[in-house]
Amino acid sequence: MTSEQITNTGSVMANHGSIQTPAQTQLRQDGSSNGGPSERKRDLRWRPVMLHPASLRVLLPWLTSIIGIASALCLVIAWFPSTVWNTPIVSSDAPAHYYFIRRLLDEGLGAALHLWPHNSFYPPLFHVCAYFVIKIAALFGVQCSIYAAFNITWIIASGVIFPSGMLVLCRYFLQRWNRGNPISCISQASSTPESSSVSESSNVSNQQVSSAVNRQYNATLDATFVLQNLIGLFVPVLAVSSVCHPYGLLNAGPLIAFGFATSLLPFLIAATLRLFDEIAAREHIVKWLVITAVAGVVCLVAHPRIAFTYALILVPFIVLRLPWKLILGAFIAMCVGAVAFVALMLTSFKSDRWANPASWFHSHQPSKNLWESISFCFTDGLDGFPAILFALLLIAGTVAAFVCAFRRAAVRSSDSLSAAVSTVAPAFSDDADALVSDAAVSLVSASDLPTASCSDAADVSLSALSEPSRPRRNDRLRDVIALTAAFLLVTLVYVCTVTLVGALPNIISSPWYRDENRIMTMLPLVALPLLVIGVNALSECVSACTASASFVPSASSFSAKNSASSVPSLSSASAVSSVKNVSFASNWIGSIAAFLVIAILAVSAQIVCPSRTAARDAIIAHSSLNQSDPNEQLTEQKITVLRKVMERTGSQATIISDPLNGSMYAETLFNASMLYPIINARTDVPSVPFGKVETAFASGDGQQVLGTVCPLTDAPEYFLTMGDQAQSLQSFPYRAQYDSFHNEELIDAYVDGGTLVKVADYSQYGQGWALYRFGCAD
């Protein structure tokens with residue numbers, strides 16, 4: 001019987017998790033060769049309870065992915081404020097997003113290319129998705145409001161798309177890190193035809209040892225595989241554990257379009273990195289170029305400004321992994337994009353501060369000191385104990401990853417070790433049983449190396465045996481350097497935004513509007529992959545050192561017993577025991593430790609999360625109608641007044657009012673036709689009525705007002721007053737353009753001159769609140 005036959009039958013059975021004994025193995029092999037019907041029946045009886053390793057490798061990644069993403073979705077749903085399902089989020093950008101969805105419903109998908117009130121382009125992907133949510137719900141007879149569609153789209157993007165993308169990205173780095181695993185190479189070498197050429201008359205005890213070795217090596221190979229999937233199980237949870245994303249952007253603005261693009265970005269980064277791999281391998285380039293291009297277009301349609309985040313994170317990978325011609329081309333493309341962006345800003349926003357970068361963002365105030373901003377980056381925006389644990393794992397894991405990567409690179413370049421490997425290599429083809437002794441010697445010699453590199457020597461020798469012609473490109477080292485550089489670049493931008501002032505910080509953070517909320521979304525994209533490969537490296541170091549410590553006595557006894565023989569003759573019990581000890585110690589202990597650490601981090605981040613709770617409370621406060629200030633954007637009184645206004649005017653009449661008093665919400669609350677449905681209707685765009693109406697109304701000339709307002713539509717035109725501008729919108733830089741709309745003296749003058757005719761008085765709800773009709777001929 002060949003060692004290959006023993007190897008192929010050396011599998012772990014699902015029945016009680018036991019390993020077949022050599023006698024059982026021999027009996028089943030003999031029965032198979034004889035083709036006995038009784039044994040074939042026994043085979044059929046065994047198969048239903050067996051879990052084939054190939055099936056496990058297919059099912060386990062899918063199972064852990066589904067559980068992880070489902071857990072992330074549940075966390076997002078549990079966090080989501082319940083108050084915003086029937087009322088809008090009252091904030092600066094929220095009315096615009098609701099209006100964009102309303103416009104799609106009124107005009108169809110053709111409006112996606114000109115969502116702004118002045119018909120210019122705004123990234124429509126989020127709003128198109130919300131539109132389809134409403135339409136799909138209607139197919140099943142369910143009436144879905146704009147607010148419900150808005151919320152459902154946000155939950156899907158934040159609880160499904162983003163954690164799925166982070167899982168894809170982190171598994172990409174894990175697979176590259178564990179490529180060429182030493183245990184994998186041993187298993188491959190032992191199953192080759194050359195390793196199966198041992199005579200059937202070989203020593204039976206040696207055959208038993210070889211079978212035990214193969215069984216244990218298969219188990220240790222599974223340890224690395226299981227670790228990748230267990231870490232992947234918690235990646236989606238950790239992706240939605242930080243306030244950085246997605247929670248912060250729902251509270252800030254909300255910055256919905258940019259947040260949606262950020263949720264899609266991990267897929268684009270992973271596709272781009274895979275394209276880099278194919279460029280290096282010179283295969284499948286067109287396929288991955290198309291995939292990357294499609295992913296890029298989708299992200300740009302979600303929000304074009306996400307290109308700056310993409311470029312910042314990809315720069316280190318471009319430098320380290322592409323040929324110099326492509327590096328040059330990439331940087332030329334970035335320079336062209338930067339020039340185009342500057343040109344767009346200069347033509348779109350008129351300002352006398354462009355020549356003085358120090359005066360940009362003059363109203364911006366630092367929100368954190370230097371230590372606070374740096375610690376925020378290293379903790380990924382977590383709080384308390386989870387923040388400390390995340391920072392420690394990130395730092396320790398990065399150091400371990402560098403040590404492992406540098407040691408592998410150093411050992412591979414050692415001529416002396418290469419010569420030693422070349423003398424050991426023939427043993428693999430001479431006799432399969434020699435594999436046990438060689439592996440032992442390899443591990444013993446590895447114990448003489450520094451602790452962190454215990455596994456690297458074995459990895460080098462075995463990978464050289466299985467893939468002698470493969471170029472050694474130091475993928476580990478490149479990934480660690482690139483990820484660390486990307487993390488430091490993001491940290492630099494964040495510190496410049498929240499701590500530093502002056503011309504240089506303004507220039508560095510200007511692509512993100514010097515907005516802390518936009519920049520903090522980049523942290524999980526770089527911190528989480530760096531943490532994942534760092535924990536994997538820590539597990540590798542622990543396993544390697546444990547293995548070297550546990551295998552030294554056994555290996556010494558092996559060499560003492562077999563010094564006079566080229567082929568070891570070991571007792572079955574001692575050999576199997578030694579292999580079991582080394583296998584468990586060198587793989588499962590490190591894997592279990594890594595699993596426990598990641599599990600503790602993921603669970604504790606859900607228990608200690610004041611930042612996320614504060615963001616949720618802020619959104620609840622913003623969506624509440626019980627405001628102490630009667631001039632806030634939306635109150636119970638304003639809802640009542642807007643409802644009464646719609647009952648009188650209908651949905652066709654045009655209503656002019658200061659949008660900063662909350663009247664703009666009538667567009668989505670009651671389907672009103674507001675001339676100013678958002679706070680910034682852009683008065684500097686030619687051929688639009690907004691600036692003309694403001695200028696005419698502020699002039700005090702009734703004829704000019706009527707000549708400007710009356711031609712707007714064929715339906716009647718109304719003017720609504722609801723007090724002063726809301727305090728929560730005082731940061732809007734162009735609020736003064738609406739001052740004439742709440743100037744009581746000017747309004748009274750128009751009433752006296754007949755330009756305005758009061759049709760409803762709402763003074764019982766607020767001082768001076770009333771609805772007027774313009775004195776047009778219609």
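The minimum heavy-atom distance between P88 and Y98, with the atom names listed, is CB-CE1, 3.3 Å. Across E372 and S367, no two heavy atoms sit closer than the pair OE1-O, 4.5 Å. Nearest heavy atoms, P123 versus P304: CG-CD, 3.3 Å. Contact detail for V688 and H118: the closest heavy-atom pair is CG1-CB, 3.4 Å. The two atoms that bring A307 and L300 nearest to each other are CB-CD2, 4.1 Å, heavy atoms only. Here the shortest heavy-atom pairing between G502 and P505 reads O-CD, 3.5 Å.
Proximity of D515 to L255: side-chain heavy atoms (C-beta onward) are separated by under 4.5 Å at one or more points. No side-chain heavy atom of H127 sits under 4.5 Å from any side-chain heavy atom of F150. Counting heavy atoms from C-beta outward, I678 and P117 have side chains that approach closer than 4.5 Å. Side chains of I747 and F719 form a contact here, defined as non-hydrogen atoms less than 4.5 Å apart. With contacts defined as side-chain heavy-atom distances shorter than 4.5 Å, the pair F690/Y676 qualifies. At a threshold of 4.5 Å between non-hydrogen side-chain atoms, the residues P677 and R102 do not count as touching. Between R773 and L756 there is no side-chain heavy-atom pair separated by less than 4.5 Å. Within the 4.5 Å cutoff, the side chain of L249 has no heavy atoms near those of the I256 side chain.
A side-chain donor-acceptor contact under 3.5 Å links T635 to the backbone of K638. Under a 3.5 Å cut-off, the side chain of Y99 and the backbone N or O of E667 do not form any donor-acceptor pair. In this structure, S699 contributes its side chain and A696 its backbone to a donor-acceptor pair below 3.5 Å. Under the 3.5 Å distance criterion, the side-chain polar atoms of T499 are left unmatched by any main-chain donor or acceptor of C496. Judged by distance alone, the side chain of E632 and the main-chain N or O of D629 form no donor-acceptor pair under 3.5 Å. Not one N or O on the side chain of S242 forms a donor-acceptor pair closer than 3.5 Å with the backbone of L238. Side chain of T721 to main chain of G768: a donor-acceptor pair is present (N/O by atom type, distance under 3.5 Å, no hydrogens or angles). A side-chain donor-acceptor contact under 3.5 Å links Y738 to the backbone of I679. Side-chain atoms of H97 come within 3.5 Å of backbone N or O of P254 as a donor-acceptor pair. For S624 (side chain) and I620 (main-chain N/O), no donor-acceptor pair under 3.5 Å exists by modelled atom type.
Ring pair Y122/F100 is tilted by interplanar angle, where 30° to 60° counts as tilted.
The ring pair (Phe, Tyr, Trp, His ring centres under 6.0 Å) test applied to F376 returns Y494, not counting sequence neighbours. The salt bridge (Lys or Arg N to Asp or Glu O under 4.0 Å) test applied to K758 returns D761, not counting sequence neighbours. Under the side chain to side chain contact (heavy atoms under 4.5 Å, CB included) criterion, P711 pairs with no residue, sequence neighbours left out. Every residue was checked against the salt bridge (Lys or Arg N to Asp or Glu O under 4.0 Å) condition with R735, not counting sequence neighbours, and none meets it. Shown here are the salt bridge (Lys or Arg N to Asp or Glu O under 4.0 Å) partners of E107, two or more places apart in sequence or in another chain: R103. In terms of the ring pair (Phe, Tyr, Trp, His ring centres under 6.0 Å) criterion, Y772 has no residue partners (sequence neighbours excluded). Shown here are the ring pair (Phe, Tyr, Trp, His ring centres under 6.0 Å) partners of F260, two or more places apart in sequence or in another chain: F126. The salt bridge (Lys or Arg N to Asp or Glu O under 4.0 Å) search around K368 returns E516, not counting sequence neighbours. Among residues two or more places apart in sequence or in another chain, the ring pair (Phe, Tyr, Trp, His ring centres under 6.0 Å) test is passed with Y131 by none.
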- Apply ring-ring contact (aromatic ring centres under 6.0 Å, His included) to W360 and Y513, showing your working. CA-CA 10 Å; W360 298 355; Y513 287 132; over 10 Å; no
- Criterion side-chain hydrogen bond (donor to acceptor under 3.5 Å, both in side chains) on S623 and T87, from CA distance to verdict: CA-CA 6 Å; S623 59; T87 58; 4.8 Å; no
- Task: Step by step, work out the side-chain hydrogen bond (donor to acceptor under 3.5 Å, both in side chains) result for N631 and Q727.
- Result: CA-CA 8 Å; N631 288 324; Q727 287 296 318; over 6 Å; no
- Given L642 and L720, is the side chain to side chain contact (heavy atoms under 4.5 Å, CB included) satisfied, shown in steps? CA-CA 9 Å; L642 291 176; L720 174 65; 4.0 Å; yes
- Task: Could you walk me through whether H622 and S728 pass side-chain hydrogen bond (donor to acceptor under 3.5 Å, both in side chains), step by step?
- Result: CA-CA 10 Å; H622 290 163; S728 59; over 6 Å; no
- Message: Run V501 and N506 through side chain to side chain contact (heavy atoms under 4.5 Å, CB included) and show every step you take.
- Response: CA-CA 7 Å; V501 295; N506 283 344; over 6 Å; no
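Remark: of the listed residues T309, N517, T497, T309 is the sole one forming a side chain to side chain donor-acceptor pair (under 3.5 Å) with W512.
In this structure, CD on E694 lies 11.5 Å from OG1 on T708, to the nearest 0.5 angstrom. Note that SG of C299 and CG of L264 are 5.0 Å apart. Values are rounded to the nearest 0.5 Å.
When the shell of 6.0 Å around CD of E744 is examined, it contains 12 or fewer heavy atoms from other residues, nucleotides or ligands. Atom CZ of F121 is surrounded by more than 12 heavy atoms from other residues, nucleotides or ligands within 6.0 Å. Environment of CD in Q764: crowded, with over 12 heavy atoms of neighbouring residues, nucleotides or ligands closer than 6.0 Å.
Ring to ring, F341 and F308 are close: their centroids are under 6.0 angstrom apart. Here Y247 and W79 bring their ring centres to under 6.0 angstrom of each other. Aromatic ring centroids of Y750 and F697 lie under 6.0 Å apart.
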Which donor-acceptor pairs under 3.5 Å do the side chains of residues 644-655 make with protein atoms, sequence neighbours left out?
unit_1	atom_1	unit_2	atom_2	d
T649	OG1	V645	O	3.1
T654	OG1	T713	OG1	3.4

Contacts under 3.5 angstrom, residues 158-166 side chains, donor-acceptor by atom type, not counting sequence neighbours:
unit_1	atom_1	unit_2	atom_2	d
S158	OG	W154	O	2.9
S164	OG	V160	O	2.5

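Side-chain atoms of H742 and D658 include a donor-acceptor pair closer than 3.5 Å. Side-chain contact of N661 with Q633: a donor-acceptor pair under 3.5 Å is absent, judged by distance alone.
A side chain to side chain donor-acceptor pair (under 3.5 Å) check over residues 605-619, counting only residues at least two apart or in different chains, returns the pairs S241-Q606, D383-S611, Q606-R612.
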